[in-house]
Structure formats: C-alpha cells, structure tokens
Asks: 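Can you read through this structure? Questions will come right after.
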2 protein chains.
Amino acid sequence: MAKSGTSSRVVARDSSRSAGTRRQLVEAAIETLKADGFTGASARAIAERAGVNQGLIFYHFGSVADLLLAALDSVSAQRMEQYGEAVDGVGSPSELVDVAMAIFREDLDAGHVTVLVEMIAGASSTPGLGPEVSARLGPWFAFAERAMERTVGGSPLGSVLPVRDVAYGIVALYLGLEMLTHLNGDRTRALGLFDDAKNLAGLLDALGSSPPTGEP
Amino acid sequence: MAKSGTSSRVVARDSSRSAGTRRQLVEAAIETLKADGFTGASARAIAERAGVNQGLIFYHFGSVADLLLAALDSVSAQRMEQYGEAVDGVGSPSELVDVAMAIFREDLDAGHVTVLVEMIAGASSTPGLGPEVSARLGPWFAFAERAMERTVGGSPLGSVLPVRDVAYGIVALYLGLEMLTHLNGDRTRALGLFDDAKNLAGLLDALGSSPPTGEP
DNA sequence: GTCTATACTTGGATAGAC
DNA sequence: GTCTATCCAAGTATAGAC
C-alpha cells in the first residue's frame with residue numbers, strides 16, 4: 001500500500017514520461033473523487049478522465065487504492081501550504097476566524113475537503129486503507145493545534161482551553177460541515193456558523209489583549 | 001427512488017412472507033453499511049448476509065440504493081426514538097451533555113451513525129440519492145434544535161445563542177467525530193471533548209438558574 | 001521502462017419459473 | 001405474489017506488445 005519508486009531514484013519534479021502520466025492520473029483521481037465520490041472513483045472512470053489507458057493505474061500505482069492515497073497526499077500537501085501561508089499573518093482570534101472562513105469558502109467551492117471525506121468514508125470498504133488515510137490526517141490535526149496555539153496560546157485562555165481536544169473537534173466539525181454542505185448544496189448554513197464564531201472571537205480578542213489573571 | 005407498496009395497503013407490522021424478507025434485507029443492509037461501508041454494500045454482499053437470493057433486493061426494493069434508503073430510514077427512526085426518550089428527563093445543560101455522551105458512546109459502539117455517514121458520503125456517486133439522504137437528515141436537525149431549546153431556550157442564553165445555527169453545527173460535529181473515531185478506532189479523543197463540554201455546561205447551568213436579565 | 005489488449009471477477013438488473 | 005437462474009455491464013488486474 002506504500003509508494004514504490006519505479007526508478008532507482010525518487011525525484012520530486014521529474015519531467016520523464018512516467019512522471020507526466022502519474023501527474024495526470026493523480027489530478028484525474030482528485031477530480032473524480034470530488035465529482036463521483038469514493039464509489040465512483042474506479043480505475044476506468046479515473047483513466048477516462050485522465051485520457052489514459054486504464055491499465056496504467058496498476059503499472060504506476062499498483063492499485064486504485066494507492067492512486068487514491070497519492071491523490072489524498074497531493075490535496076493534503078496543497079492545502080497545508082495554503083493554510084500555513086494564510087495563518088502566518090494572523091494574531092488575534094477574530095483574525096483567525098476571518099481567514100478560516102475565507103479558506104473554508106474556498107475549500108467548499110473547490111471541493112478540496114470532499115477528497116478527505118470520501119477517503120475517510122471509503123476506507124472502511126478497502127482492507128488496509130484505514131490506517132493509511134488515518135496517517136495522512138496527522139498534518140490536519142497538527143495544523144489546527146498550531147493555529148490555536150498561535151492565537152490563544154499566549155493568552156490566559158490558552159491555559160484554560162484544552163487546545164489539543166478543541167483542535168480535534170475543529171477538524172471533526174470542518175469535515176462534518178463539508179459533508180452536510182456538499183450533500184444539500186447550501187453553503188449558507190455552514191457559513192452562518194463562522195459569523196457566529198466571529199462574534200464569539202470578538203469577545204476573546206478583548207480577553208487576550210487584557211489578561212485578567214497575572215502570570216509570574 | 002421512493003418506496004413503492006407491494007400490496008394494496010402499506011402496513012407497519014406485516015407478518016406476511018414479503019415483510020419478513022424485507023426486514024431481513026433491511027437489517028442486513030444496515031450491518032453491511034456498518035462493516036463494509038457504502039462501497040461494500042453491494043446487492044450480493046447484502047443478500048449473502050441476509051441469507052437470501054440477491055435478486056430479491058430488486059423485487060422488494062427496486063434497486064440497491066432504495067434498499068439502503070430504507071436502511072437509513074430504519075436506523076434514523078430507531079435513533080430518534082431513543083434520543084427522544086433520553087432527552088425527555090433532561091432539564092439543565094450539563095444533564096444534556098451527560099445523556100448526549102452516553103448516547104454518543106452507544107452510537108459509536110453500535111455504529112449507528114456510521115450508516116448515516118456512509119450514506120451521505122456515498123450519495124455523490126449515485127444519481128438522485130443526494131436529495132433523498134438530505135431529506136432523511138431533517139429529523140436529526142430538528143431533534144438537535146429541540147434538545148437545545150429544551151435546555152437553554154428558557155434561559156437568557158437562548159436569546160443570545162443562534163440556536164438553529166448551533167444545532168446545525170452540533171450535527172456536523174457529531175458526524176465528524178463519528179467519522180474520525182471510526183477511522184482510527186480511538187474513542188478517547190472524541191469522548192474527551194464531551195468531558196470538556198460538560199465543564200462548560202456546568203457554567204451554563206448557573207447562568208440558566210439565575211437569569212441576570214429580567215423578562216417582562 | 002512504458003503502455004495496450006485481454007482475462008477474469010464482481011455487480012446491477014430482469015425474464016421467466018414456481 | 002414471490003423467488004431463482006441468467007444476462008450483460010463495469011470492476012480489478014496482468015500478460016505480453018512496443
């Protein structure tokens with residue numbers, strides 16, 4: 001289930017023919033997961049979208065599941081990069097909610113998190129897939145924790161809130177909102193929650209800037 | 001995609017042969033969704049679990065998707081009944097969190113919510129399934145709202161909190177936590193959040209019993 | 001090393017038996 | 001009305017061509 005180098009050397013930006021085909025397949029796998037979900041992401045469907053012979057999936061990736069994991073890796077890496085950039089300029093809780101809402105809107109429109117959701121839900125049907133998907137969620141938890149630490153870590157709130165637990169909950173909420181939004185096609189319910197969160201964050205801003213309990 | 005009565009009269013507790021087969025199939029569909037997910041819930045897999053010929057699914061339900069919807073109906077009805085009973089005796093926020101945690105633990109262990117998650121995630125791969133699943137989520141949102149109204153509706157908190165929005169978020173969170181827990185097999189992370197919620201609810205209890213703002 | 005044609009398996013659905 | 005045997009499409013995977 002792990003990636004196997006086809007050549008003697010694993011190169012990130014390879015311009016060989018193999019690398020081109022692989023990229024096409026990964027891209028097509030992502031799009032197919034977004035459009036038709038895990039069940040619809042068959043070798044035939046993905047290969048057709050990539051404009052490539054179906055057998056190439058097994059040559060380059062060994063199995064459909066491994067191609068889908070490569071797709072998940074790709075989406076995950078892209079998203080983590082953008083999330084990191086977005087959060088870099090953030091200081092206060094309400095600023096964090098602002099950028100989170102912008103990112104969430106983009107995630108919804110582009111369907112990035114759908115890939116995650118489909119892989120998580122689909123994992124139960126393919127033996128051995130669960131642990132692989134689970135491992136790839138690590139960065140998402142780590143990021144959520146980092147974002148919270150950055151904004152409320154220094155304030156008195158940080159020592160009260162169980163940051164790790166809350167970060168876990170935030171990721172779960174994010175996945176759940178994505179699922180529901182994708183299902184009924186209505187973004188407004190989910191986005192409304194971000195507005196509520198922003199009101200709440202406004203209160204936390206004040207709390208963070210004027211610490212009521214002095215630290216020695 | 002809607003249910004079609006096989007007889008002239010739709011009866012809830014029918015003891016005919018047809019009804020027996022239907023019940024077996026619905027039960028098997030639920031178990032298959034729990035064990036193998038949406039992708040694994042094929043006509044053959046379900047029929048084998050039910051100990052029944054595969055063709056019966058199409059005779060009794062018309063399609064696999066319609067059988068899965070019947071399974072979702074069954075799980076949803078069961079759960080709503082139990083949720084309702086559990087919440088009936090609840091008054092304060094912290095009591096609500098208590099019963100919610102007990103229910104959540106049971107849901108995790110029995111896999112009830114997995115059925116929901118798999119159907120939501122699987123909906124994108126079967127044309128026309130989305131709206132059907134979406135409609136079946138209505139009772140879940142309604143219940144979450146009702147539970148919140150019951151506990152914080154009378155208190156000053158009720159007029160401040162956007163109950164409808166929060167209820168939507170609670171359902172999303174519930175689905176997300178179920179997904180993550182099912183994926184990594186570790187209940188403790190999710191259950192920890194309930195502990196945190198209980199601490200928070202303790203504060204709300206006091207707020208609710210002593211209203212600072214008087215209502216005319 | 002890369003890819004295509006082909007083999008075989010599983011899945012959805014129905015025609016027709018009882 | 002209820003169910004089974006059978007059909008055809010779609011799925012994964014590989015043997016062998018280039």
Side-chain angles (χ1 to χ4, degrees), chain A residues 1 3-11 14-26 28-29 32-33 35-71 122 125-129, chain B residues 1 3-11 14-26 28-29 32-33 35-71 122 125-129:
Chain A
M1 188 87 28
K3 67 178 118 182
S4 59
T6 56
S7 175
S8 59
R9 185 182 285 272
V10 176
V11 181
D14 195 336
S15 59
S16 67
R17 181 136 68 118
S18 171
T21 306
R22 288 175 67 97
R23 259 196 301 276
Q24 285 181 59
L25 282 171
V26 168
T32 307
L33 278 172
D36 305 326
F38 184 89
T39 307
S42 70
R44 288 179 133 90
I46 295 169
E48 185 179 23
R49 195 183 284 265
V52 141
N53 187 289
Q54 166 268 136
L56 287 177
I57 287 171
F58 303 93
Y59 171 65
H60 286 292
F61 295 92
S63 70
V64 175
D66 281 331
L67 168 56
L68 295 179
L69 285 174
S125 34
T126 305
L129 191 55
Chain B
M1 189 90 24
K3 67 179 120 181
S4 59
T6 56
S7 177
S8 60
R9 186 181 286 269
V10 177
V11 182
D14 194 337
S15 59
S16 68
R17 181 138 67 118
S18 171
T21 306
R22 288 176 66 97
R23 258 196 302 276
Q24 280 182 302
L25 282 171
V26 167
T32 307
L33 277 172
D36 304 327
F38 184 88
T39 308
S42 70
R44 291 181 131 91
I46 296 170
E48 186 179 20
R49 196 183 284 264
V52 141
N53 186 288
Q54 166 266 139
L56 288 177
I57 287 171
F58 303 94
Y59 170 65
H60 286 291
F61 296 91
S63 70
V64 176
D66 282 331
L67 167 56
L68 295 179
L69 284 173
S125 34
T126 305
L129 191 55

Asks: Please round to the nearest 0.5 Å and tell me the distance separating atom NE2 of A/H60 and atom CZ of A/R23.
Replies: 11.5 Å

Asks: Take the protein atom CZ of A/F58 and the nucleotide atom P of D/dG11, then report the distance between them rounded to whole Å.
Replies: 11 Å

Asks: Side-chain N or O of B/S42 less than 4.0 angstrom from OP1 or OP2 on C/dT10?
Replies: no

Asks: Measure the distance from CZ on A/R22 to C1' on C/dC3 and round it to the nearest whole Å.
Replies: 15 Å

Asks: Between atom CG in B/N53 and atom P in C/dG11, what is the gap in whole Å?
Replies: 14 Å

Asks: What is the distance, to the nearest angstrom, from the CG atom on B/L67 to the P atom on C/dG11?
Replies: 15 Å

Asks: Mapping A/A41 and B/L56 onto DNA chain D by nearest heavy atom, which one lands closer to the 5' end?
Replies: B/L56

Asks: Less than 3.5 Å between a donor and an acceptor, one on the side chain of B/R17 and one on the base of D/dG1, is that the case here?
Replies: no

Asks: Examine C/dG1: is either OP1 or OP2 under 4.0 Å from a nitrogen or oxygen in the side chain of A/H60? Give yes or no.
Replies: no

Asks: Measure the spacing between CD1 of A/I46 and CZ of A/F61 and express it to the nearest 0.5 Å.
Replies: 9.5 Å

Asks: So does B/Y59 get a side-chain nitrogen or oxygen closer than 4.0 Å to the phosphate oxygens (OP1/OP2) of D/dC3?
Replies: no

Asks: What is the distance from atom CG of B/L33 to atom OG1 of B/T39, rounded to the nearest 0.5 Å?
Replies: 10.0 Å

Asks: Whole angstrom is fine here: how far is it from CD in B/Q54 over to C1' in D/dC8?
Replies: 13 Å

Asks: Has the side chain of B/T126 got a donor or acceptor atom that lies under 3.5 Å from a matching backbone atom of B/L129?
Replies: no

Asks: Grab the CG-C1' distance between A/L68 and D/dT12 for me, whole Å please.
Replies: 13 Å

Asks: So A/V64, base contact, sugar-phosphate only, or nothing? Heavy-atom distance under 4.0 Å.
Replies: sugar-phosphate

Asks: What is the distance from CG of B/L25 to P of D/dT4, rounded to the nearest Å?
Replies: 11 Å

Asks: Check whether any side-chain N or O of A/T21 sits under 4.0 Å from OP1 or OP2 of C/dC3, and answer yes or no.
Replies: yes

Asks: Could you state the CZ-P distance from A/R44 to D/dT14, rounded to the nearest angstrom?
Replies: 15 Å

Asks: Work out which heavy atom in B/A71 is nearest to a heavy atom in B/V26; give both atom names and the distance.
Replies: CA-CG1, 4.0 Å

